[in-house]
Number of protein chains: 2
Amino acid sequence: MMSLHAATPESPVLATEAVENYLKAIYALCRESATGEAAMSRIATLVGVTTGTATTMVKKLTAGKFVRYERFGGVKLTVKGDKAAIDILRRHRLIETFLVETLNLDWSVVHAEAERLEHAISPVVLEALDKHLGHPSVDPHGDPIPDSQGGVREARGKSLTDFPPGTRVRVSRIVDQDQQFLAFVAKHGLKPGSIARIVAADPPAQSILIEARDYPRISLAFAAAGKILAEPISTFSA
Amino acid sequence: MMSLHAATPESPVLATEAVENYLKAIYALCRESATGEAAMSRIATLVGVTTGTATTMVKKLTAGKFVRYERFGGVKLTVKGDKAAIDILRRHRLIETFLVETLNLDWSVVHAEAERLEHAISPVVLEALDKHLGHPSVDPHGDPIPDSQGGVREARGKSLTDFPPGTRVRVSRIVDQDQQFLAFVAKHGLKPGSIARIVAADPPAQSILIEARDYPRISLAFAAAGKILAEPISTFSA
DNA sequence: TCATATAGTTTGAGCCATCAAACTTGGAAG
DNA sequence: CTTCCAAGTTTGATGGCTCAAACTATATGA
Ligand SMILES: [Mn+2]
Ligand SMILES: [Mn+2]
Ligand SMILES: [Mn+2]
Ligand SMILES: [Mn+2]
């Protein structure tokens, strides 16, 4: 007990790779949960560890003031934890953008690459990258890139399932990093920026009919369409 | 004992970050030692650990067939270890080149950055980087970049101390990654590619006088001059 | 030849991240 | 109310990397 080893008199928890991955997971879970808290089992699943391991780690994060949590309760980021998570997101998304824009890698594979590189890039390299890319505001999947002050402008846009048939839309964001799904999306011309028209909705079949500009119309299950966000565009303006 | 955990039936040693750093250190030491072997204490110093730790690790590398070694003997890379080391060198140097060429970072700071990134970059990203850079053959310090087959074309060039006074030379390589030294070299116009003239040698003072094109002449201790490699250029050709 | 200093080795320990498996809690369902 | 189960927690262990400190081999030189 009473570990007397720390060189720094303060914070017992470092920004290790594991810690960064947990913080990102907790950030994502809090944001999509109704309560604003992350459940232990969800954290474990997302990070890819057993729940016991997640519990142990969350206790360390608590000691390091990255999260607030008590036994059998939900996990929530502190301001410090939120800042840290957003910083990692910035690194992740700038790297993805670089891989696609500068190195011409396929947008469906860059997530996995960024998952490792995000932990190895320094602030100096990151800012140089940002400058080189012209300070982009969204990554290849349409995810917002936090600015260097930690500000995040969450992209507007609703699910494809939320538009009435006949609407013309511009795809703004794909909310799923699965390689297969991303490849499918690209194959049918539905990447961020693409223009498409909702042809019809078929509630009994739980799917919609959609047609991207220059692509044949396809049917898309609600589950898939729900992960594609878009904005309506007036039929007139370019 | 008898750890029954390995998923793979073979190789007990992975390509972990620590392993990669040891391999690079051993590679460098073998190459500059007269015997072609690396001493344990040198390995420890270069990696930044105690000699006991180095001994432990070298035993693991031996088990993984990366090195040949026996108690109280020198350490030498196997063919497998040599390939691995060269692969890491390729990653390191391509990353340094990218940081300077594409991101415009100062050549004196990129070594430290590459030291971390080299462990996080995948083959796919590496080859994309290589292509983007136009398959460069040397890094910003003049160090040769191994090709994707593992071939290394060691740059020619002798130490500045090896030229007679009056010789005009083109700097080809700086054999030292120290940030201070690199900044000093740049400040006096002696980066790889620069043209300079050996003005005089002063053996009693253990230094030489040198003058880079467009820079005032300076005196350079043998120790420093020895880390700058150059090739003679004829007084006539451009 | 022998002593000794230096280089190298070994051992016991700790930290980090993880797992498996035993255990506990709290809420939902009867 | 009870009961019971899913979710969460604890514990004991392992693997990887490291250190400090005690120990040992080897080469040199007296
Ligand atoms: Mn990651
Ligand atoms: Mn993304
Ligand atoms: Mn390294
Ligand atoms: Mn270099």
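Per chain, numbering begins at 1; letters A, B, ... match sequence-line order.
Distances from the side chain of B:Y22 to the nucleotides D:dC17, C:dT9, D:dT18 place D:dT18 closest. Of all nucleotides listed (C:dT10, D:dT10, D:dG8), D:dG8 comes nearest to the side chain of A:M40. Checked against D:dT10, C:dT18, C:dT24, the side chain of A:T55 finds its nearest nucleotide in D:dT10. Between C:dT25, C:dG8, D:dG8, one nucleotide has an atom nearer to the side chain of B:T51 than all others, and that is C:dG8. Looking at the side chain of B:T16, the nearest of the listed nucleotides C:dA17, C:dT10, D:dC17 is D:dC17. Of the candidates C:dA17, D:dT18, C:dT25, D:dT18 carries the atom nearest the B:A18 side chain, counting heavy atoms from C-beta on. Nearest nucleotide to the A:T50 side chain, out of C:dC19, C:dT25, D:dG16: C:dC19. Of the candidate nucleotides C:dT24, C:dA17, D:dC17, C:dT24 has the atom lying nearest to any side-chain atom of A:F72. When distances are taken from the side chain of B:K59 to each of C:dC19, D:dC19, C:dT10, the shortest belongs to C:dT10.
Separating the CZ atom of A:R71 from the P atom of C:dT24 is a distance of 10 Å, rounded to the nearest angstrom. Distance A:K60 NZ to C:dG14 C1': 13 Å, rounded to the nearest Å. Between the P atom of D:dA6 and the CZ atom of A:R42 lies a distance of 17 Å, rounded to the nearest Å. The interatomic distance linking A:I43 (CD1) with C:dT18 (P) rounds to 13 Å, in whole Å. Rounded to whole Å, the distance from CD on B:E17 to C1' on D:dT18 is 14 Å.
Side-chain contact, B:H92 with B:D139: no donor N or O sits under 3.5 Å from an acceptor N or O.
At the heavy-atom level, B:S41 lies under 4.0 Å from the strands shown only through sugar-phosphate atoms. At a threshold of 4.0 angstrom between heavy atoms, the contacts of B:A54 with the nucleic acid are absent.
Classification of B:D87 and B:K83 as a salt-bridged pair fails, no side-chain N sitting under 4.0 Å from a carboxylate O.
A salt bridge (Lys or Arg N to Asp or Glu O under 4.0 Å) with B:E118 holds for exactly one of B:R93, B:K24, B:R90; it is B:K24.
Taking the six-membered ring where the residue is Trp, B:H111 and B:H141 present perpendicular rings, their angle passing 60° and hence far from 30°.
With DNA chain C read from its 5' end, the first of the two nearest nucleotides for A:V49 and B:G52 is the one closest to B:G52. Nearest-nucleotide positions on DNA chain C for B:E70 and A:V19 put B:E70 closer to the 5' end.
What you find for B:V75 and B:C30 is that their closest heavy atoms are O-SG, 3.6 Å.
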